[in-house]
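Just so it is clear, the model here is predicted, and its values are computed rather than measured.
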Amino acid sequence: MKLNEYIKNVPNFPKDGIQFKDITPLLEDGDAFREAIDELTTWASSLGATKVVGPDARGFILGCPVAYALKTGFVPVRKPGKLPRETISQSYELEYGSNTLCMHKDALKKGDKVVIIDDLLATGGTVVAAINLCEKLGAEVMGVGVLIELSELKGREFIGNYNIKSLISY
């Protein structure tokens with residue numbers, strides 16, 4: 001199955017000059033969604049993942065079923081003010097602005113083997129922020145799995161020496 005056939009390009013969203021990759025057609029198709037989750041799960045399992053971390057919000061959509069299939073926990077990474085207990089935070093730059101991500105201070109511990117699952121790897125800012133949060137808590141980041149990689153934005157280079165799995169590359 002060609003997963004890229006289930007991605008729609010939306011020009012000038014969320015602002016002029018951005019070519020947004022809409023994953024909702026893939027999510028709406030049971031076979032395509034299952035294939036994407038199965039591929040990410042097989043990859044995460046091969047790395048010995050004991051936790052799945054997913055950035056708000058599409059990282060939740062993809063990361064939760066991967067964690068379920070692995071029979072491990074899922075750790076949400078959210079925007080400030082969205083998590084109810086004590087958090088740690090990390091600010092980062094996006095291709096069209098800046099943001100901050102937060103994680104519960106007790107979500108991970110030393111010895112946890114983490115994979116970060118998200119929908120998109122662009123400039124790498126979100127992923128690096130998530131990596132930094134995981135490592136601040138003593139977890140080992142085994143890899144980063146994404147549905148889509150925008151290779152021209154060189155996020156892979158920005159992230160550095162981590163195992164990166166992308167199912168679709170533009």
Side-chain angles (χ1 to χ4, degrees), residues 1-41 43-44 52-69 74-84 87-104 107 114-134 141 143-160 162-170:
M1 177 178 295
K2 294 182 179 181
L3 295 178
N4 63 326
E5 293 176 359
Y6 296 89
I7 307 300
K8 296 221 180 203
N9 192 49
V10 181
N12 301 314
F13 182 84
K15 70 177 205 172
D16 285 346
I18 302 293
Q19 298 294 315
F20 186 81
K21 303 299 184 198
D22 182 9
I23 68 167
T24 57
L26 182 141
L27 300 175
E28 293 164 356
D29 185 281
D31 292 334
F33 185 46
R34 179 182 303 276
E35 181 167 322
I37 296 304
D38 287 350
E39 283 190 46
L40 290 169
T41 300
W43 166 80
V52 175
V53 170
D56 198 349
R58 290 177 299 272
F60 295 5
I61 294 168
L62 298 170
C64 282
V66 171
Y68 175 83
F74 176 80
V75 177
V77 175
R78 302 210 61 196
K79 295 175 181 144
K82 300 291 184 180
L83 292 171
T87 62
I88 60 171
S89 65
Q90 181 71 47
S91 294
Y92 65 101
E93 296 300 314
L94 291 161
E95 55 271 28
Y96 49 85
S98 62
N99 211 340
T100 300
L101 290 178
C102 301
M103 178 187 291
H104 278 133
V114 171
V115 291
I116 297 167
I117 303 289
D118 205 357
D119 68 322
L120 181 72
L121 172 57
T123 61
T126 302
V127 170
V128 168
I131 288 169
N132 289 341
L133 289 169
C134 295
V141 177
V144 176
V146 295
L147 181 60
I148 299 168
E149 179 178 358
L150 302 178
S151 56
E152 65 193 29
L153 296 178
K154 302 189 185 312
R156 186 178 288 260
E157 293 172 20
F158 182 66
I159 291 169
Y162 289 90
N163 185 317
I164 300 171
K165 171 75 171 179
S166 56
L167 304 186
I168 302 167
S169 184
Y170 292 101

Point to revise | Non-hydrogen atoms of Ser89 and Cys102 that approach each other most closely | key: CB-SG, 3.7 Å
Exercise for review: Show your reasoning for whether side-chain hydrogen bond (donor to acceptor under 3.5 Å, both in side chains) applies to Thr100 and Ser91.
Suggested key: CA-CA 4 Å; Thr100 300; Ser91 294; 2.9 Å; yes
Point to revise | Derivation and outcome, side-chain contact (heavy atoms from CB on, under 4.5 Å), residues Val115 and Val53 | key: CA-CA 6 Å; Val115 291; Val53 170; over 6 Å; no
Point to revise | Heavy-atom check, side chain of Ile159 versus side chain of Leu121, under 4.5 Å | key: yes
Exercise for review: Any chance you could measure Phe20, atom CZ, to Ile7, atom CD1, to the nearest 0.5 Å?
Suggested key: 10.0 Å
Review point. His104 and side chain to side chain contact (heavy atoms under 4.5 Å, CB included): which partner among Thr87, Val75, Leu133?
Key: Thr87
Check your understanding: Does the side chain of Ile23 come within less than 4.5 Å of Arg58's, by heavy atoms?
Key -> yes
Review point. Are Phe74 and Phe60 close enough that some pair of their side-chain heavy atoms sits under 4.5 Å apart?
Key: yes
Review point. Measuring from Cys134:SG to Met103:CE, what's the distance to the nearest 0.5 Å?
Key: 4.0 Å
Exercise for review: Apply the test side-chain contact (heavy atoms from CB on, under 4.5 Å) to residues Phe13 and Ile18: give CA-CA distance (whole Å), side-chain angles for both, the deciding distance (0.1 Å), then the verdict.
Suggested key: CA-CA 6 Å; Phe13 182 84; Ile18 302 293; over 6 Å; no
Practice item. Starting from the C-alpha separation in whole Å, work towards a yes-or-no answer on side-chain hydrogen bond (donor to acceptor under 3.5 Å, both in side chains) for Asn9 and Lys21. Key: CA-CA 5 Å; Asn9 192 49; Lys21 303 299 184 198; 3.1 Å; yes
Check your understanding: Taking 4.0 angstrom as the limit, do Lys8 and Asp22 come out as a salt bridge?
Key -> no
Check your understanding: With Val52, which of Thr41, Val66, Ile116 fulfils side chain to side chain contact (heavy atoms under 4.5 Å, CB included)?
Key -> Val66
Review point. Can Val146 and Leu120 be said to form a side-chain contact (heavy atoms from CB on, under 4.5 Å), step by step?
Key: CA-CA 6 Å; Val146 295; Leu120 181 72; over 6 Å; no
Study note, to complete from the structure: Between the CE atom in Met1 and the CG atom in Leu26, the distance rounded to the nearest 0.5 Å is 8.5 Å
Do any side-chain atoms of residues 151-158 form donor-acceptor pairs under 3.5 angstrom with protein atoms, and if so which ones, sequence neighbours left out?
{"residue": "Ser151", "atom": "OG", "partner": "Tyr170", "partner atom": "O", "Å": "2.8"}
{"residue": "Arg156", "atom": "NE", "partner": "Glu149", "partner atom": "OE2", "Å": "3.1"}
{"residue": "Arg156", "atom": "NH2", "partner": "Glu149", "partner atom": "OE1", "Å": "2.7"}

**Study point:** Residue pair Leu40 / Ile117, side-chain heavy-atom distance below 4.5 Å
**Key:** yes
Practice item. Taking the side chain as every heavy atom from C-beta outward, state whether Asp56 and Val77 have any pair of such atoms under 4.5 Å apart. Key: no
Practice item. Let me see the working for Ile148 and Asp119 under side-chain contact (heavy atoms from CB on, under 4.5 Å), right down to the final yes or no. Key: CA-CA 6 Å; Ile148 299 168; Asp119 68 322; over 6 Å; no
Check your understanding: Would you say the side chain of Tyr92 lies within less than 4.5 Å of the side chain of Val128, judging by non-hydrogen atoms?
Key -> no
Point to revise | Closest non-hydrogen atom pair between Ile61 and Phe33, with its separation | key: O-CZ, 4.0 Å
Review point. When rounded to the nearest 0.5 angstrom, what distance separates CD in Gln90 from CG in Asn99?
Key: 11.5 Å
Review point. How long is the gap from CD1 on Ile164 to CH2 on Trp43, to the nearest 0.5 Å?
Key: 9.0 Å
Practice item. Could you tell me the separation between the OG atom of Ser169 and the CG atom of Asn4, rounded to the nearest 0.5 Å? Key: 10.5 Å
